[in-house]
Amino acid sequence: LYHLDECPNNCKKPLSGCHHLCGLKCGHTGACECKEACDVSTCAHGTCPAPCGEECPRCDMPCAIRCVHSQCSKKCYEPCDRFACDERCPLRLKCGCQCTGLCGEPCVPCRIHESHYYAGLPTKKTHDKRLYFLPCGHIHTVQDLDEAIGDLMTLLSRRRSLSVTVKCPKDGCDQIMTLENAPRYQLVIKQVIERRREAARQEYSAQPSLMKERDRDRLEDNMTGS
Ligand SMILES: [Zn+2]
Ligand SMILES: [Zn+2]
Ligand SMILES: [Zn+2]
Ligand SMILES: [Zn+2]
Ligand SMILES: [Zn+2]
Ligand SMILES: [Zn+2]
Ligand SMILES: [Zn+2]
Ligand SMILES: [Zn+2]
């Protein structure tokens, strides 16, 4: 048995504000806190430099979402001005078979040569359908994923304060969908990131006494530096 403050484990309670577990030491006093890095706002220009729950800086680079047919001309954080492409992916997979995914989206493993990805998926459901592959290894039909994302967008528009992450809809899967791994769904992903940014800003201004360490350091630097 460990004495409380010698317990080497973290509290690990699920947090309400994000999808992580509490990163404070087991038996800590006060509210639970997330100590993870932000993993929702990854784009072609890198991963978010902010800790989870803090305001994600906006990525001002030109949006990298494109396919051979069209290209977005907005900034990375703005909703795209290009429609997601519904054409079949023109690429050939390593095995030589044509990809069954969508143009401009992540390629989908081959049904014949990488069949383990299809275990548990009824052939009838996926045969002759456009498919979508997420890095967790789960394959969805584009139709199912479009529907799931559509439902999420409806929920978001009804509940203004709801904080969600866009995740693989497979039961129990925690894979976050990002601009990098799921560009087709940029609209909802960017909306969720904006909403988190807004929430972090509000929480921050509502509790001025909870000065974040970063700012305290900066303040001290300013005071001693002059
Ligand atoms: Zn978190
Ligand atoms: Zn970016
Ligand atoms: Zn972030
Ligand atoms: Zn295209
Ligand atoms: Zn764009
Ligand atoms: Zn193949
Ligand atoms: Zn492909
Ligand atoms: Zn998944």
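Indexing begins at 1, ligand by ligand and atom by atom, following the structure's order. Worth saying up front: this structure is predicted, and the values here are computed from it rather than measured.
- A donor-acceptor pair under 3.5 Å is absent between the side-chain atoms of Asp81 and the main chain of Cys72, judged by distance alone.
- Applying the side chain to side chain donor-acceptor pair (under 3.5 Å) test to Asp86 and every residue at least two apart in sequence or in another chain returns Arg184.
- The closest donor-acceptor contact from the side chain of Arg66 to the backbone of Ser70 lies at 3.5 Å or more, if one exists at all.
- Panel note: side chain Arg195, backbone Leu156; a donor-acceptor pair is recorded below 3.5 Å.
- Between Cys85 atom SG and Cys67 atom SG, the angle centred on the Zn ion (ligand 4) amounts to 110° (nearest 10°).
- Environment of NE2 in His127: sparse, with no more than 12 heavy atoms of neighbouring residues, nucleotides or ligands closer than 6.0 Å.
- In this structure, the side chain of Glu78 engages the main chain of Lys75 through a donor-acceptor pair within 3.5 Å.
- Take the N/O/S atoms of His69: the one nearest the Zn ion (ligand 4) is ND1.
- Distance check for Cys38 against the Zn ion (ligand 1): none of its N/O/S atoms falls below 2.8 Å.
- Among residues two or more places apart in sequence or in another chain, the side chain to side chain donor-acceptor pair (under 3.5 Å) test is passed with Glu105 by Tyr132.
- Remark: side-chain polar atoms of Arg197 are not paired, donor with acceptor, to backbone N or O of Glu54 under 3.5 angstrom.
- Taking distances strictly below 2.8 Å, the protein N/O/S atoms close to the Zn ion (ligand 7) are Cys89 SG, Cys99 SG, Cys107 SG.
- Evaluation of the salt bridge (Lys or Arg N to Asp or Glu O under 4.0 Å) rule for Asp174 yields Lys167 as partners, not counting sequence neighbours.
- Atoms SG of Cys18 and SG of Cys52, as seen from the Zn ion (ligand 1), are separated by an angle of 110°, to the nearest 10°.
- The closest approach of His20 to the Zn ion (ligand 1), by N/O/S atoms, is made by ND1.
- The Zn ion (ligand 1) has no N, O or S atom of His19 under 2.8 Å away, backbone or side chain.
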